[in-house]
Amino acid sequence: MTEQNDQLQAMRHTLAHVMAAAVQHLWPGAKFGVGPAVVDGFYYDIDLGETKISEEDFPKIEAEMRKIIGENQPMQQSMKPVDEAIAWAQQARQPYKEELLNDLKRSGTTAAKDLDPSELGTIAEGEAQVSEVSFYTNGDFTDLCRGPHIESTGKVGPFKLMRVAGAYWRGNEKNAQMQRLYGVAFNTEAELANHLEMLEEAKKRDHRKLGQELDLFVISDLVGSGLPLFTPRGTIMRDALLGFSEELQRNAGYEKVFIPHITKQVLYERSGHWDKFGDELFLVKSQETSDQFVLKPMNCPHHTQIYAARPRSYKELPIRYMESTVQYRDEKKGELNGLSRVRSISIDDAHVFCTLEQIEAEFTTIMSMIRDMYSVFDMKFKARLSFRDDSEGYLGDPKDWEKAQATIEAVAKELELEYFIEEGEAAFYGPKIDIMVTDALGREWQCATEQLDFVQPARFGLTYTDADGSEKQPVMIHKALLGSVERFLSVYIEHTAGRFPVWLAPEQIRVITVNQEKATTDFADKLGMRAKELGLRLNVDNSNESVGKKIRAAEVAKVPYTIVVGEKEIASGEVVPRIRSDMTVMEIPMTLGLEEFLKTVHNEAKSRVLKTSL
RNA sequence: GCCACCUUAGCUCAGUUGGCUAGAGCACCACUUUCGUAAAGUGGGGGUCCGGGGUUCGAAUCCCCGAGGUGGCUCCA
C-alpha cells in the first residue's frame, strides 16, 4: 500500500521534472524553484521574469511533455560535491537552486536527509557535514533533486495540467513571486477521469452555487464581501442548527447569556488579544467619548466579566455560559470565500468556569455533545489533540499544561474517539481538541473545538472561594459545537448537496393544487393551517401552472415531501406523499390520512431523524 | 495584499477579424387553458454589456486605471 503510494508519488515527481523540462524548452531562460509531488499530482514553481504563463499555454506545454515522455528518457541520478553543485547552479543561472545549496552548505547537514529547505536553518549544529548532493538528469534537463523518481519518463501515468497560480518563493510574501504550474496525475486513465469527475461533483455541490439556487443567502457589494446576508430560508436553517446546539447545551447545564457586539479596547488589552489580533480587529469610533471601541472578534473576555461581577463560591462551579452570537474579524480580502471564510462569524460559543478537578468531566460532556451532534449530521470526525511544543510563547504554568494535556488524551481514549496528537497546534493560552469533520466528498474541515484556558482567568483576576476559605483561580474552557455557523453551513450544504433532512429543510412539505377551483384551494389552505399548528413548514403552490411543472419546481427546490391535492384527496381525505428521491428509508406508507401524514412528518422533524442517503 | 483568469437581463450563457435598434433559454408579468406526479400555449416587460478613461468614423469587442468574483499563494529540490 505505502510502497504503491511511494511509487505513485515518484511518478508524479518525475512528471514535475518532465514539465520543468518542457517549460525550459519553450522558455529557455526559466528559473526554477521547487517542484514536488503533492496530493493528486505535482507542481513546479517557475520564474519566467516578465513572461506570464496562462491556461492557453497548457496545450503547448502538454504537447512538449508528451514529446519528452515519448522519448522515454531515463532518469539518471548523479552526485556532486556541494561547491561543484553551487558552481553548476551559477552556471545554469538557477539562483533559487543556488540559494538552496548555499543554505544547505551553511546549515551543514547530511545530503541524504536534509535537502528539505523547510528544515534548513533549524538543524542542530554538529551534525555531519554535507559532502555531496544529488542531481537527476533526463534528456537535456538536469535538476538538483533528492528523488526518488521512476526509472524513465516513458513510464509516467496519465496527467493533465490544471492551473497556474502565483506562489511566493519559500511561501514568504516578502520574497519574489513565482508562477506555480499545477498538474494532476494518476496510474490509470480511469483514476484520472474519476478525479476530474470528483472535481465536477464538487463544483456542482459548491455551497455558493447551491446557496443561490436554494435561496439561502446573498452577498451584496453594498454591504461588503465576507458579510453574508441570510434569506428567510437560510435563516430557518441557521435557527434550526443553533436551536439544536442550544438544546444539547441546555441539557448539559449551560445557561444562555447575552453580550453587546462592541467593547472598549481596554478589554482586549487586558485579555492579551489586542497584541495577538491587532490588524484583524474592526475599530469602532465613538463620537461621544474618547474611548476607543472595537467590534468583538471573540466573546470570552465579555463572558469573563459576567463571571467577575460578584464573588463566586466553589459550590457554584462549574458555571457554564452559552451564547449564539456574531463576532467580527477583518480577514484579508483574498482569504474570503463564500460562507466558508467570512468577516461576520456566527458561533455557538460557550465558556465554562471550573476547577482543575472538574476539567475532565466538562471535557467529556462537551465531547459527548459533539458526538451526538455529528451523528445526527451523519458526518464522521477525527479529534486533533492540539498540544504545545517546546517553543516559547505559551502562557501559563507548564505543570498545568502537562496535567491538562494528559486529561485531554484520557478523555479521548475513554470516549474511544479516533484521534491524533499535533504538537505546536495549541492556542497560546492552553491545549485544545479540534474536531476535523469529513464531508461526503472526503474533504476534511475543522468545525467544533474545545479549548482549555489558563491565561484569561489570571489576566482578569477571576477567583472563587474554595471549601477551606482560600481564594482560588478557576480554569476556563472555550467550546463550540458547530463552530462558525457560516463555515458549518458551507460544509453541510456541500456534504448533502442541498438535500437537507426534514428537520433542517427550509420547506418541509409542498402542497400542489391540481386546479384553482375554490374547493381545491380551500382544502390546501386548511392543510396549511394544520401544518402551522404542528410547527411544520408547508407551502402551497396554487399557481396556474401544469401539475408536472409544479412537481418539477418542488423537486428542484429539494423539498422533502410533496403532495398533490385535487378531487381525489378531497373526497378520500388521504394523500400519496411524493418523497424526495434521495430519502431512501421509506417509513411512510404509500397512502395515508392527512392528519397521519402531517404527524409523521412532525415526528420526523422533532426527532431529527436522518433519512437521506448522501 | 500578490499572481493568473473572469465580469453581457434576476439566473445560465451566445455575441465572428471592431460595423445596423445587443440576443437565447429559464425566471418574472398578462391572457388562454383548469390540467394528476420532473417543464401547456401565446404575448409582454426587463440591459449604465462591472465602473472610469483612452484609441477609432465607429467599442460589449482593442489599450490603461479601478471595482467585484474565481483559482492559487498549506503539501517542499
Side-chain angles (χ1 to χ4, degrees), chain A residues 9 12-13 16-17 20 32-45 47-48 52-57 85 89 94 96-101 103-104 111 114-120 133-136 143-147 149 162-182 199 203 206 208-209 212-213 215 218-222 224-225 279 331-338 510 512-517 520 542-557 562-569 576-581:
Chain A
Q9 290 309 102
R12 287 170 174 156
H13 191 175
H17 280 238
F32 297 97
V34 300
V38 293
V39 174
D40 299 328
F42 57 92
Y43 70 76
Y44 220 115
D45 283 348
D47 183 352
L48 289 178
K52 302 291 175 215
I53 296 178
S54 81
E55 289 181 21
E56 285 165 25
D57 297 318
Q94 291 297 343
Y96 300 102
K97 305 288 183 190
E98 190 184 336
E99 187 182 324
L100 290 178
L101 285 163
D103 280 1
L104 186 62
D114 293 311
L115 286 163
D116 177 346
S118 67
E119 291 178 12
L120 295 177
V133 291
S134 153
F135 283 78
Y136 273 87
D143 195 6
L144 171 66
C145 177
R146 169 179 46 178
H149 284 284
M162 296 302 283
R163 62 181 80 91
V164 58
Y168 297 103
W169 170 235
R170 294 185 147 178
N172 186 336
E173 62 185 328
K174 291 197 179 71
N175 289 340
Q177 181 142 26
M178 312 182 72
Q179 300 184 73
R180 179 168 293 180
L181 263 177
Y182 274 98
L199 291 179
K203 224 177 182 178
D206 189 319
R208 292 165 300 196
K209 180 168 169 281
Q212 182 189 290
E213 284 171 10
D215 188 25
V218 296
I219 290 170
S220 155
D221 284 355
L222 288 179
S225 51
D279 55 354
E331 303 281 356
K332 286 183 187 172
K333 237 180 66 189
E335 291 176 344
L336 299 172
N337 176 309
R510 184 169 297 186
I512 289 172
T513 54
V514 170
N515 56 46
Q516 283 71 57
E517 309 284 349
T520 317
N542 190 33
S543 60
N544 179 12
E545 296 289 351
S546 68
V547 171
K549 188 165 179 173
K550 292 199 275 190
I551 295 272
R552 183 180 148 78
E555 201 70 49
V556 167
T562 304
I563 56 179
V564 177
V565 300
E567 281 169 30
K568 260 192 319 199
E569 287 74 19
V576 184
R578 189 178 212 280
I579 302 168
R580 197 180 59 204
S581 57

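Everything numeric here is computed off the predicted structure, so don't read it as measured data.
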A.B. asks: C1' atom, B/rA60 versus B/rG23: distance in rounded Å?
C.D. replies: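 Each nucleotide's C1' atom is 12 Å from the other's.
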
A.B. asks: Would you mind classifying the nucleic acid contact of A/A167 as base, sugar-phosphate or nothing, using non-hydrogen atoms under 4.0 angstrom?
C.D. replies: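 Counting heavy atoms under 4.0 Å across all strands, the contact made by A/A167 is with sugar-phosphate only.
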
A.B. asks: Nearest to the side chain of A/V39, which nucleotide is it out of B/rU12, B/rC75, B/rU70?
C.D. replies: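 Nearest nucleotide to the side chain: B/rC75.
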
A.B. asks: Are A/Y44 and A/F32 near enough that their ring centres are under 6.0 Å apart?
C.D. replies: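 Judged by ring-centre distance (under 6.0 Å), A/Y44 and A/F32 do meet the cut-off.
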
A.B. asks: Among B/rC76, B/rG72, B/rU34, which is the nearest nucleotide to the side chain of A/R163?
C.D. replies: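 Selected nucleotide (nearest to the side chain): B/rG72.
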
A.B. asks: Please identify each residue that fulfils side chain to side chain donor-acceptor pair (under 3.5 Å) with A/E569, with sequence neighbours left out.
C.D. replies: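 Applying side chain to side chain donor-acceptor pair (under 3.5 Å) to A/E569 gives none.
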
A.B. asks: Given the C1' atoms of B/rG41 and B/rU33, what is the spacing between them in whole Å?
C.D. replies: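 Nearest-Å result for B/rG41 against B/rU33 at atom C1': 8 Å.
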
A.B. asks: Please tell me which of A/M178 and A/I219 maps to the more 5' nucleotide of RNA chain B, matching each residue to the nucleotide holding its nearest heavy atom.
C.D. replies: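 So the residue in question is A/M178.
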
A.B. asks: Counting the atoms with a prime plus P, OP1 and OP2 as sugar-phosphate, which does A/Y182 contact under 4.0 Å by heavy atoms, base, sugar-phosphate, or nothing?
C.D. replies: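 Sugar-phosphate only.
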
A.B. asks: Distance between the P atoms of B/rC50 and B/rU7, in whole angstroms?
C.D. replies: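 After rounding to an integer number of Å, I get 8 Å for this pair.
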
A.B. asks: Quick one: is A/R552 getting a side-chain N or O under 4.0 Å of the B/rA40 phosphate, OP1 or OP2?
C.D. replies: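 Result: no.
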
A.B. asks: Considering every strand and a 4.0 Å limit on heavy-atom distances, what is the contact class for A/K550: base, sugar-phosphate, or nothing?
C.D. replies: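 No contact.
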
A.B. asks: Can you figure out which of B/rC75, B/rC73, B/rG71 approaches the side chain of A/Y168 most closely?
C.D. replies: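 Closest nucleotide among those given: B/rC73.
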
A.B. asks: What's the closest nucleotide to the A/N544 side chain, out of B/rC35, B/rA39, B/rG36?
C.D. replies: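 Closest nucleotide to the A/N544 side chain: B/rC35.
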
A.B. asks: Round to the nearest Å and state the distance from A/N515 atom CG to B/rU37 atom C1'.
C.D. replies: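 Whole-Å distance recorded here is 15 Å.
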
A.B. asks: Roughly how far apart, to the nearest Å, are B/rG10 and B/rC29 at atom P?
C.D. replies: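 Between the two P atoms, the distance is 15 Å.
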
A.B. asks: Mind checking the P distance from B/rU61 to B/rG25? Whole angstroms is fine.
C.D. replies: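 About 26 Å, rounded to a whole number of Å.
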
A.B. asks: Taking the C1' atom in each of B/rG66 and B/rC28, what is the distance between them to the nearest angstrom?
C.D. replies: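 Result for the C1' pair: 34 Å, nearest Å.
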
A.B. asks: Between B/rC49 and B/rA22, how far apart are the P atoms? Round to whole Å, please.
C.D. replies: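 That atom pair is separated by 10 Å.
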
A.B. asks: Any chance the side chains of A/Y182 and A/D40 put a donor and an acceptor closer than 3.5 Å?
C.D. replies: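 No, no side-chain donor-acceptor pair sits under 3.5 Å.
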
A.B. asks: Any side-chain heavy-atom pair from A/I563 and A/I512 closer than 4.5 angstrom?
C.D. replies: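 A side-chain contact under 4.5 Å is absent here.
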
A.B. asks: Is A/R578 near enough to B/rA38 that one of its side-chain N or O atoms lies under 4.0 angstrom from OP1 or OP2?
C.D. replies: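 Checking A/R578 against B/rA38: at least one side-chain N or O falls below 4.0 Å of OP1 or OP2.
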
A.B. asks: Could you state the atom-to-atom distance from CG of A/D215 to P of B/rG10 in whole Å?
C.D. replies: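 Nearest whole value for this atom pair: 16 Å.
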
A.B. asks: Tell me whether the OP1 or OP2 atom of B/rC76 has a side-chain N or O from A/Y44 closer than 4.0 Å.
C.D. replies: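 Result: no.
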
A.B. asks: In the structure I gave you, are the side-chain heavy atoms of A/K550 and A/T513 within less than 4.5 Å of one another anywhere?
C.D. replies: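 In short, these two side chains touch, coming nearer than 4.5 Å.
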
A.B. asks: In terms of ring plane angle, is the pair A/Y136 and A/H17 parallel, tilted or perpendicular, where the classes change at 30° and 60°?
C.D. replies: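 Rings of A/Y136 and A/H17: perpendicular, as their planes differ by over 60°.
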
A.B. asks: Send over the distance from A/E99 CD to B/rC76 P, rounded to a whole Å.
C.D. replies: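 Answer to the nearest Å: 18 Å.
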
A.B. asks: Can a side chain N or O of A/S225 be found less than 4.0 Å away from OP1 or OP2 on B/rG69?
C.D. replies: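 A/S225 to B/rG69 OP1/OP2: side-chain N or O found under 4.0 Å.
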
A.B. asks: Side-chain contact test, heavy atoms from C-beta onward, threshold under 4.5 Å: evaluate it for A/M178 versus A/Y96 and give yes or no.
C.D. replies: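 Yes. Closest side-chain heavy atoms under 4.5 Å.
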
A.B. asks: How would you list, by chain and number, every residue that makes a side chain to side chain donor-acceptor pair (under 3.5 Å) with A/E567, sequence neighbours excluded?
C.D. replies: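 A/E567 satisfies side chain to side chain donor-acceptor pair (under 3.5 Å) with no other residue.
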
A.B. asks: In B/S/- notation, 5' to 3', how is nucleotides 24-30 of chain B contacted by protein heavy atoms closer than 4.0 Å?
C.D. replies: ---S---

A.B. asks: Considering only B/rC73, B/rU37, B/rG71, which nucleotide approaches the side chain of A/V547 most closely?
C.D. replies: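 That would be B/rU37.
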
A.B. asks: Phosphate oxygens OP1/OP2 of B/rG71: is one of them under 4.0 Å from a side-chain N or O of A/N337?
C.D. replies: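 For B/rG71, OP1 or OP2 has a side-chain N or O of A/N337 closer than 4.0 Å.
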
A.B. asks: Expressed as a whole number of angstroms, how long is the span from A/E517:CD to B/rC35:P?
C.D. replies: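 The distance from CD of A/E517 to P of B/rC35 comes to 7 Å, rounded to the nearest Å.
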
A.B. asks: Nearest to the side chain of A/I551, which nucleotide is it out of B/rC35, B/rC76, B/rU37?
C.D. replies: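 Nearest nucleotide to the side chain: B/rU37.
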
A.B. asks: Measure from CD on A/Q179 to C1' on B/rG71 and round the result to the nearest Å.
C.D. replies: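 Rounding to the nearest Å, CD of A/Q179 and C1' of B/rG71 are 14 Å apart.
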
A.B. asks: Among A/V34, A/D47, A/D45, whose side-chain contact (heavy atoms from CB on, under 4.5 Å) with A/W169 holds?
C.D. replies: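 One option only clears the test, and that one is A/V34.
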
A.B. asks: Of the candidate nucleotides B/rU37, B/rA4, B/rG36, which contains the atom at the shortest distance from the side chain of A/V164?
C.D. replies: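 So the nucleotide nearest the side chain must be B/rA4.
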
A.B. asks: Whole Å only: how far is the CG atom of A/D45 from the C1' atom of B/rC75?
C.D. replies: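 In whole Å, B/rC75 C1' and A/D45 CG are 12 Å from each other.
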
A.B. asks: What's the gap between B/rC26 and B/rG36 when it is taken at their C1' atoms, as a whole Å value?
C.D. replies: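 About 24 Å, rounded to a whole number of Å.
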
A.B. asks: Heavy atoms from C-beta onward define the side chain here; which of B/rC76, B/rG36, B/rA38 lies closest to that of A/E555?
C.D. replies: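 The answer is B/rA38.
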
